[in-house]
Each structure stands twice: as C-alpha cells, then as structure tokens.
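All residue numbers in this chain count up from 1 along the given sequence. The basis for the numbers below is simple: all heavy atoms, side chains too, and nothing from hydrogens, waters or symmetry mates.
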Amino acid sequence: MLGKLNWNAIPFDQPIPLAAGILVFLVLLGVLAFITVKGYIPYLWREWITSVDHKRIGIMYCLLALVMLLRGFIDALMMRSQQALAFHAPGYLPPEHYDQIFSAHGTIMIFFVAMPFIVGLMNFVVPLQLGVRDVAFPTFNSVSFWLTASGALLVNISLIIGEFAKTGWLPYPPLSELKYSPGVGVDYYLWALQIAGVGTLLAGINMVTTILKMRAPGMSYTRMPIFCWTSLASNLLIVAAFPILTAVLAMLILDRYLGFHFFTNEAGGNPMLFMNLIWVWGHPEVYILILPAFGVFSEVISTFSGKPLFGYRSMIMATMVICILSFMVWLHHFFTMGAGGDVNGFFGIATMIIAVPTGVKVFNWLLTMYGGRVRFNTPMLWSIGFMVTFVIGGMTGVLLAVPPADFVLHNSLFLVAHFHNVIIGGVLFGAFAGYNYWFPKAFGFKLDERLGKIAFWFWFIGFYVAFLPLYVLGLLGMTRRLQHYDVPQWHPWLLVAAFGALLILCGIGFQIAQLIVSIRTSDHRRDLTGDPWDGRTLEWATSSPPPSFNFAVLPNVKGEEPYWGMKLKARETMHLVTDEPQYEPIDMPRNNPTGFVTAFFAVIIGFAMIWHIWWLAVLGLAGAYATFVVFAWRDVAETEISADEVARIDRANRAIRTVVLKRRPKQ
C-alpha cells in the first residue's frame, strides 16, 4: 500500500537530521498558526498564492531563494565545522550524513537559491523595463514558480523522511545507479529536479516570448536596457539547455526504475554519456545564472555613476557572444577523462576565448564609472565587490582551462574555490545588488543603508577568508568532499576557512536585521516618487509599488534611455508631461489557483514515485491533468479595469511625482 515507505524512513537513530526536521516542522507550524490567528490566510490566498501578476511572482521567487539560502548555508556551516574538527578525529558527522550534506548543499544553492533569485529578478523587472503590463503567459508564470517551490519542498522532505543523495550535486553513474545507491536519496534528487526543471523551462519560454514579442511602442532591440538583453540571452540558454537536463535525468530514472542501463558499462551503457549530457546542460547553466547578474551590475553602475552605460552596443555583442560560446566549453569539466590532446586543446582554447567578452563587460563598467559622480550606496558596493571578486575567479578559471594545469588541480579544493569565486562573487553578489536596488520599487520603501553596508562588508571579507584558503589547500593536494583527513598542513587552513564561514553568517544576520528594521521603520523611509535612485530605465517611471497594470498608458520609447529623457524634459518644464493622456480600459488576467494546485499534485507525484506508491502517483497524475482541463475550459480569463479607475490611480501618482521633481536638482 505504501510501497517502500515505513517507519525506518524516519532517522530515529540520527539525532542531527531528526532534530533539524522537528525544528523546521515546528517553525512552519508556528508560521501557519500566526497567519491563521491574524486572519491573513484569505489575503495571502487572494493576493499572493493565486496571483498571476509578474511582480508578485517575482517577489515570491526571491523569497523562496532567501529561505533556501538559509537552508543551504546551514549545510555549508556543517561541512566547514566538520572539516575543522576532523583532523585525526571522526568529527561529529558520520560519513553517510556528511555525504548527504555536501550533495544537498550544492543542489540547493544552484537549483533553489541562485536560479529562483535570478528568475525572480527577471520576472519582476523585465516587463517593467520593456514598458508592458505583464509577461506573455501569466498563468504559466505562476505554474513555473510553484513547480520550483515543489522541487524545493521535496528536497527538504528528504531531511526527515528517508535520505538525500550521497553522490554530490551532480549524480554521476555508476555511483547513482541502483546497484550502488539502492536507497531513495538519488530518487529524491531526480524527481525534485525534474519537477523544478520543468518549471524553469516554462519560465524560460515565457520570458523569451515576452522580450521578443511584447515590447513598448518604439522599443527596438537596440533600445532595450542591458538587463533585458542579458535576460534574453539567459532564457535562450534555458530553452536550449534545460531539455537536455530533463532528458539525462529521465534516462537515469529509467536506469534505476526499469533497468534500461543507459549508463552501466556491464550492460552496454556508458557513464561518459551521462558526463557529456549533464555538462552540455551544466556549463551553460553557469551562464544562465551569471548573465542576468551582469545585467544587474550594468543597471546599478550606470545609475549610481550618473552616466549612460559605456559601450552599450559592445555590451550587447559581448552578451550574445557569451550566450553562443557557453555551449562550446562543456568538456573542460572532464579534461582528465582521456578525450585526447586535440579535443582537450579545442575546449581549452574555447574556454579561454569566452573570457574575452567578459573582460569587455568589466572594462565597460569601469569606464562607465570613470568621470561619473559615483554614489556608494549598498547596490553599488555589491557591484564593486563583484568586479574585484569575479576577476579573480575568472583568472583562476583561465588557469583551469589549461589542460595540463587541470590535470593537477582537477577535483581539488582549488576547483571548489574557483567555482564559489564565480557563483558567490558573481551570481549572489548580483542577486544582492538587485535585491537592494529594486526593493523600493517592489515595496515602496528603501532598505536600511547602514545595515546593508555592514552586511556587504561581512559578506565580502568573509568570502575571502572562507575561500582563499581553499586555493592553498588545492595546491597542497587536498581533494574535495573529505569527511576526515590526517595531513597536518591542511588543518590551519581549514580553521581559517571555518572562521570565514562564520563571518558570512554574520553578513546573513545583518541582512535579516536590515529587512526587519526596514519594515519596522518603513514609514520613515517611504518612497513617494517611484524613483528613489534617480534611475534611467522605464521601471522607475511607475509608482512604487507599481499598480497591477504597470503603466496607465504604454510609453512611447524614443531613445536608449527613454525615462532619462522624460525626466530631463520634465525638469525643464517642472511637469512630468504637458498633456494628460487619453485613458482607456485595461484588461488584466484574473488570478487563479492553477499554479498552486498543479504544484500540490506535482509533490504528490514526486513523493509517490520516490517511494514506489504507484496508486498515489496515478491519483496525482489524474489530479494534475484535471487541473489543466479546468484551466483550459475556464469561461472568463481576464478582468477589466475601467478607464476611470486607471485615470484615478495615474493622476494621483503623477501629482506626487511632479511635486517631487520640482525639488530635485538637475543632473
């Protein structure tokens, strides 16, 4: 009846995961009790859970990422503390638990922190920058988010029911095959990522369609903000790469469930097939994450330098060159696998060449700052910290692109340091820059600057203290994923790395404090202008937070920086516009629960397949199918906002913004 599920699935004999699971359960129970007692459930259901507004969905993506960041960072602290204590000693984590922790850490940080954060920023900002009212497929946008949340939920369920994979964040065969991983850990990984991957693919299709087909009047491709260009490149990569991930994970599922043996040598398969396919997805995935972060830095640096972005068209070219080359470098992940000198040489050269367009971007950012009036607000600090950190990570990447050097450094902590140098110094710093930059647009008030800067410095210093020792350890020969060791030279460096992780923990603590203090004092930091940073792109032309329809009248774009031109004209006339526009009714998509209900059934299907509860899986599939039938047969898909209501909202916003414009000096 319950397949493989029984009481042995709960880790009664392992106090750490059991206590952690109980704590998470109690926290969730407390949150649910709080919102129930306060009467927030109807509001949350109406305004958030069933929302198809791209802005609300973007915010929920970012919230999911922040929550999962805490979960993933706890795993990182446990790994660092275990290695600090494991010199000539077993430490406090048994090997099988330690293996699950490093696998869960990588999986969570890539798939459920970096991806949701970046997709959330794109969801929130891109339609506003394009001057449109929503994404191309609003309901699928909701489905995309809730499927991602479903995958995250399955990963966290593995904490207390069963186990997680012990294979690393990429489940290489033969270790991930049924013979060597007979438990449910790999199955949790496979089904969580299949469900979340489908959500990400839908999000990519949605965003590509939005950018290519739904721009404001007059907004040609060469008038789009750079963040829209980097989002386009990133989502083109999603559309091209994520079907490969879906296929390779499906092949491994067939190996484990039906004995297909795609990747088992003894049955005619080939583990190298998995390596090729997973990295044909995996290396573009790095650029899926970093390209939107590049767009964030472009917007932030231009705004806080008070200048247009230097080399706009060269930035577009560099972005698209990276998009293309990212599919030509995957084999550098297994230089040591015997592909041959000619193949290794080709991929080594391709890997070095991809650093060229990245260097173009860095010089363009520096030249944008040169001669500008730079304001060192929190988003700008994250951007400058990124340029320093990412350049170091890029140089170590070029070193690893040299096959003979990679033969020495492959699978060492040098590689781990390089990877975190790029992902933390690039993607997370970009996410935090965007979070601080667009927060007032989302909520109508700015985050506390003092606490934000303190958080940045703890993160920045903590990163170097935590990961520079890993470069040294890699050169000393320490491989990754060691649960214990007996080399005296390694121990002091691991102690320093553990201290660096504690500094990053302080940074996270100050970020939490920043958010709490900002909310408590929101009345004193309220932004009435919709443009607290004196921005240059169209998202700052709306109120903060924007109305559900974004723009009462779609803007007519007449330059690379249309909103900056509007502001210059407004400061001359002391009015936002000279004539009031002709308001018309606006049709907006209705909220509906399709995304949430689909995710509910997706969790049921995933959990049932993991534990071989076949009848429950069939029920879940039937429920998911019924959900889409109901969605397809809905009678009313949109609701109309009357012209009078649009006019009332827009006139109030314009009056406030005109008053504030009169008080601002000309730039």
Side-chain angles (χ1 to χ4, degrees), residues 31 34-35 38-40 43-44 47-48 53 55-56 58-60 62-63 66-67 120-121 124-125 128 296 299-300 303-304 306 373-383 431-459 506-537 539-548 550 563 567 570-571 574 576 648-667:
V31 171
F34 175 78
I35 62 176
K38 290 288 187 178
Y40 293 154
Y43 165 77
L44 291 173
E47 298 294 335
W48 292 92
D53 185 338
K55 300 179 290 296
R56 297 272 169 105
I59 291 168
M60 289 192 290
C62 293
L63 180 61
L66 290 171
V67 171
L121 291 177
F124 183 86
V125 175
L128 290 169
V296 173
E299 304 296 339
V300 169
T303 296
F304 289 100
R373 294 193 295 173
V374 180
R375 293 171 285 155
F376 294 99
N377 295 81
T378 306
M380 191 64 172
L381 289 182
W382 286 109
S383 302
F432 292 148
Y435 164 71
N436 281 272
Y437 183 58
W438 283 305
F439 187 94
K441 175 54 58 180
F443 296 103
F445 61 92
K446 295 166 77 170
L447 289 168
D448 185 272
E449 277 287 308
R450 184 177 62 89
L451 290 173
K453 290 177 179 178
I454 294 172
F456 162 76
W457 285 111
F458 269 109
W459 262 98
C506 293
I508 293 174
F510 276 105
Q511 285 177 306
I512 295 171
Q514 178 196 31
L515 183 60
I516 293 171
V517 169
S518 300
I519 293 172
R520 291 173 65 92
T521 60
S522 59
D523 291 340
H524 303 294
R525 56 183 77 251
R526 185 70 57 186
D527 167 43
L528 299 177
T529 69
D531 184 18
W533 309 119
D534 202 16
R536 311 178 76 87
T537 43
E539 74 269 29
W540 305 110
T542 64
S543 59
S544 296
S548 61
N550 290 348
Y563 181 52
K567 285 201 295 186
R571 285 167 183 161
M574 292 302 175
L576 199 59
R648 183 190 65 79
I649 294 171
D650 192 51
R651 284 167 184 156
N653 292 335
R654 286 153 58 90
I656 293 172
R657 292 161 67 79
T658 300
V659 169
V660 177
L661 273 170
K662 292 180 179 180
R663 299 175 183 169
R664 283 193 173 175
K666 296 179 184 179
Q667 294 290 322

After noting the C-alpha distance and the side-chain angles of F34 and Y40, does the key distance pass the side-chain contact (heavy atoms from CB on, under 4.5 Å) rule? CA-CA 9 Å; F34 175 78; Y40 293 154; 4.0 Å; yes
I need the minimum non-hydrogen distance between A442 and I59, along with the two atoms involved. CB-CD1, 4.0 Å
The reported gap from CD1 in I649 to OG in S548 (rounded to nearest 0.5 angstrom) is 6.5 Å
State, to 0.1 Å, how close P547 and K55 come at their nearest heavy-atom pair, and which atoms those are. O-NZ, 3.4 Å
On a heavy-atom basis, which atom in K446 and which in P532 lie closest, and how many Å separate them? CD-CB, 3.9 Å
Could you give the distance from CG (D534) to CH2 (W540), rounded to the nearest 0.5 Å? 10.5 Å
Would you please name every residue forming a side-chain hydrogen bond (donor to acceptor under 3.5 Å, both in side chains) with R526, sequence neighbours left out? none
Interatomic spacing from CZ in R525 to CZ in R520 - rounded to 0.5 Å: 12.5 Å
Classify the ring geometry between W459 and W382 as parallel (under 30°), tilted (30 to 60°) or perpendicular (over 60°). perpendicular
With heavy-atom distances below 4.5 Å as the criterion, would you say the side chains of F304 and N377 are in contact? yes
With side chains defined as the heavy atoms from C-beta onward, is the minimum distance between N436 and Q514 less than 4.5 Å? yes
Report the residues that fulfil ring pair (Phe, Tyr, Trp, His ring centres under 6.0 Å) with F439, sequence neighbours left out, ordered by chain and then residue number. Y435, F443, F445
With side chains defined as the heavy atoms from C-beta onward, is the minimum distance between T521 and D448 less than 4.5 Å? no
Please report the shortest heavy-atom distance between G535 and Y563, naming the atom on each side. O-CD2, 3.7 Å
Residue pair P545 / K441, side-chain heavy-atom distance below 4.5 Å: no
Between CZ of F124 and CH2 of W438, what distance do you get to the nearest 0.5 Å? 9.5 Å
Report yes if some heavy atom in the side chain of L447 is under 4.5 Å from a heavy atom in the side chain of T378; otherwise report no. no
Nearest 0.5 Å, what's the CZ-OG distance between F432 and S383? 13.0 Å
In Å and rounded to the nearest 0.5 Å, what is the CE to CG distance from M60 to D53? 9.0 Å
My understanding is that only residues two or more places apart in sequence, or in another chain, count here; which of them pass side-chain hydrogen bond (donor to acceptor under 3.5 Å, both in side chains) with T303? Y437
Classify the side-chain pair D531/T529 by whether it contains a donor and acceptor separated by less than 3.5 Å. no
Side chain proximity check, E47 to R56, heavy atoms < 4.5 angstrom: yes
Where W533 and P440 come nearest, the two heavy atoms and their spacing: NE1-CG, 3.8 Å
Side-chain touch W457/I454, heavy atoms, less than 4.5 angstrom: no
